[in-house]
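Just below is one structure, and these are the notes that go with it.
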Amino acid sequence: MHKDSRIFVAGHRGLVGRAIRRRLEADGFANLILRTRDELDLCDRAQAEAFFRAERPEFVFLAAAKVGGILANSTYPAQFIHDNLAIALNVIDASYRAGAAKLLFLGSSCIYPKFAPQPIREEYLLTGELEPTNEPYAIAKIAGLKLAQAYRAEYGFNAISLMPTNLYGPGDNFDPRNSHVLPALLRRFHDAKIAGTPEVTIWGTGQARREFLHVDDLADAAVFLMSQWDRPELVNVGTGEDVTIAELAELVADIVGYSGRIRFDTSMPDGTPRKLLDISRILSLGWRPKIALADGIRSTYKWYCAQAMAPVEQ
Ligand SMILES: NC(=O)c1ccc[n+]([C@@H]2O[C@H](COP(=O)([O-])OP(=O)(O)OC[C@H]3O[C@@H](n4cnc5c(N)ncnc54)[C@H](OP(=O)(O)O)[C@@H]3O)[C@@H](O)[C@H]2O)c1
C-alpha cells in the first residue's frame, strides 16, 4: 500500500473498522474511502457493484458484518446468515471484478469447532462441530473464508483472511443486554461503584479461560498482513495468552476502582472451558501484540467514561 492508495474500509464505524481507520489515518494514508450502511448497503449486490465500479478501491479491509452475542444470534439467525453471506459474496466478488489489488477478510476465533484442541491452530477449521448458538453466523463466515481462498485459486485474486480472538477497546458495545464479557464487566463494576452496590455477581465458576486482544493491536496486525501476507492460509491474531474470568474480573474491578465483593454464581454455566489461539504463524512473520491487558482495559475504561459523560475516577 502507498500513502495515496485508494483504500476502502468497509464497516468503518464498527469496533474493528474504526480501529483500522484510526491506524491508517495515523500512518498517513490519505485516500480512504468510507461509507456508512445507510449510504451503501453491502447486502445489496447492485449497490455494491455500482460502488466498486465507480470508486475502484485498490485495497479493501472488509470489517462490515452483522455481529452480536448469543441472544442476538439465536433471535435473528436468518439475518445473521443472510447478511454475512451477502456481504462476503458481494464485496469479494465486486472487489475482484473492479480490479482491486488485495482484500482482507475477517473471520473470528468463534467459528472454529466448539471442542477444538487448545491452543487453536488455523488448520483446525472445519474439523469438528460448531457452537450451536452461532452456527448460522459461523457458516456464513466460513463461506467468506472459502470465497477468499476460491477466488485466489481460480482467479488469482489476492484475498487474505485473519482469525481474530475476542477483541475489546474504544468503540466497543457496552449495552448490558448483548455486550461481550470484558465490556460487560467494565460496565457492571462501573455502575456498581457509582451506585455503591456492595456485591457484584458473575455467572459461572470464574475458572473458564479467555484471550483478549486490544482492537488497536488487531488493526496493527491487519495493516501488517495487508503488506506482508499474500497466501491462502488463515492467520490467527491474538495475544497467545489467556486469563481466567475470575482474574479478569479482579483486574477490571481494580481498574474501575470498585472495592465491593465479587461473587461467582456457580449454578450458571461457564461455557467452553478454554478458548486460546495458537499465534505461532503471525509471530513467525515478525508481528507481536503490543498492548498489555491492564493498559488496554485502563484506556478503554477512560474512553467509556468519556462517552458516558461519567467521572473518570481511579
Ligand atoms: N468484536 C469482536 O470481538 C470480534 C472478534 C473476532 C472477529 N471479529 C470480526 O470483525 C468484524 C467486525 O466486527 P465488529 O466487532 O467491528 O462489528 P461492529 O462493531 O458491529 O461493526 C460492524 C460494522 O459493519 C457495518 N455493516 C453491517 N451491515 C452492513 C451492511 N449491510 N452494509 C454496510 N455496512 C454494514 C456497520 O455499519 P454502520 O455502522 O454504518 O451500521 C458497522 O460499522 C466481523 O467480521 C467480526 O466477525 C470481531
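Indexing begins at 1, ligand by ligand and atom by atom, following the structure's order.
Taking a cutoff of 4.0 Å between a charged side-chain nitrogen and a carboxylate oxygen, Glu58 and Arg6 do not qualify as a salt bridge. Between Arg298 and Asp295 there is a salt bridge, since a side-chain N of the basic residue sits under 4.0 Å from a carboxylate O of the acidic one. Between Arg35 and Asp41 no salt bridge is recorded (no basic side-chain N to carboxylate O distance below 4.0 Å). Using a 4.0 Å cut-off between a side-chain N of Lys or Arg and a carboxylate O of Asp or Glu, Lys290 and Asp217 do not qualify as a salt bridge. Salt bridge Asp216/Arg22: present, at least one basic N to carboxylate O contact under 4.0 Å. Remark: Arg121 engages Asp278 in a salt bridge, criterion side-chain N to carboxylate O under 4.0 Å. Residues Glu199 and Arg263 are paired through a salt bridge, judged by an N-O separation under 4.0 Å between the basic side chain and the carboxylate. With salt bridges taken as basic N to acidic carboxylate O contacts below 4.0 Å, one links Asp242 and Arg274.
The shortest N/O to N/O separation between Gly17 and ligand 1 does not fall below 3.5 Å. At least one N or O atom of Asp41 sits closer than 3.5 Å to an N or O atom of ligand 1. The shortest N or O to N or O distance between Thr36 and ligand 1 is not below 3.5 Å. Of the N or O atoms in Pro164, none lie within a sub-3.5 Å distance of an N or O in ligand 1. Among the atoms of Ile87, none of the N or O lies under 3.5 angstrom from an N or O of ligand 1. In terms of polar-atom proximity, defined here as any N/O pair under 3.5 Å, Leu167 does make such a contact with ligand 1. Backbone and side-chain nitrogen or oxygen atoms of Arg13 are examined, and one is located within less than 3.5 angstrom of a nitrogen or oxygen of ligand 1.
By the 30° and 60° cut-offs, the orientation of the rings of Phe157 relative to Tyr96 is tilted. Using bins of under 30°, 30° to 60° and over 60° for the plane-to-plane angle, the ring pair Tyr301/Tyr304 lands in the parallel bin.
With Phe105 as the aromatic partner, Lys141 meets the cation-pi criteria of under 6.0 angstrom to the ring centre and within 45 degrees of the ring axis. Both tests hold for Lys66 against Phe80: distance to the six-membered ring centre under 6.0 Å, angle to the ring axis within 45°. The cationic atom of Lys3 (NZ for Lys, CZ for Arg) lies less than 6.0 Å from the six-membered ring centre of Phe29 and within 45° of the ring axis.
Residue contacts with ligand 1 include Tyr137, since one or more of its heavy atoms lies under 4.0 Å from the ligand. The closest approach between a heavy atom of Gly107 and any atom of ligand 1 is below 4.0 Å.
For atom 26 (N) of ligand 1, the candidate residues are Ala48, Gly171, Ala64; the nearest heavy-atom contact is made by Ala64.
In this structure, atom 36 (C) of ligand 1 is not in close contact with the protein, since no protein heavy atom lies within 4.0 Å of it.
By the neighbour-count criterion of 12 heavy atoms within 6.0 Å, atom OH of Tyr76 is sparsely surrounded, having that number or fewer from other residues, nucleotides or ligands.
Here is the list of ligand 1 atoms found below 4.0 Å of a heavy atom in Cys43: 31 (N). Contact atoms of ligand 1 toward Gly11: 23 (C), 24 (O), 25 (C), 43 (O) (distance under 4.0 Å to a heavy atom of the residue).
Nearest protein heavy-atom neighbour of atom 11 (C) of ligand 1: Leu106 CD1, 3.9 Å. Looking from atom 16 (O) of ligand 1 to the surrounding protein, the closest heavy atom is Val16 N, 2.8 Å. Shortest contact from atom 27 (C) of ligand 1 to any protein heavy atom: Ala65 O, 3.3 Å. Nearest non-hydrogen protein atom to atom 33 (C) of ligand 1 is Leu40 O, 3.4 Å. If you check which protein heavy atom lies closest to atom 15 (O) of ligand 1, you get Leu15 CB, 3.8 Å. When hydrogens are left out, the protein atom nearest atom 18 (P) of ligand 1 is Gly14 CA, 3.9 Å; that is the closest non-hydrogen contact. The protein atom (non-hydrogen) at minimum distance from atom 32 (N) of ligand 1 is Leu42 N, 3.0 Å. Among all non-hydrogen protein atoms, the one lying nearest atom 41 (O) of ligand 1 is Arg37 CB, 3.8 Å.
The proximity of Lys141 to ligand 1, defined as any non-hydrogen pair under 4.0 Å, is limited to the side chain. In Thr165, the part holding a heavy atom less than 4.0 Å from any atom of ligand 1 is the backbone. Proximity of Val67 to ligand 1, defined as any heavy-atom pair under 4.0 Å, is confined to the side chain (atoms from C-beta onward). By the criterion of a heavy-atom distance under 4.0 Å, neither the backbone nor the side chain of Asp83 is placed next to ligand 1.
Nearest heavy-atom pair, Thr239 versus Pro289, reported as atom, atom and distance to 0.1 Å: CA-CG, 3.9 Å.
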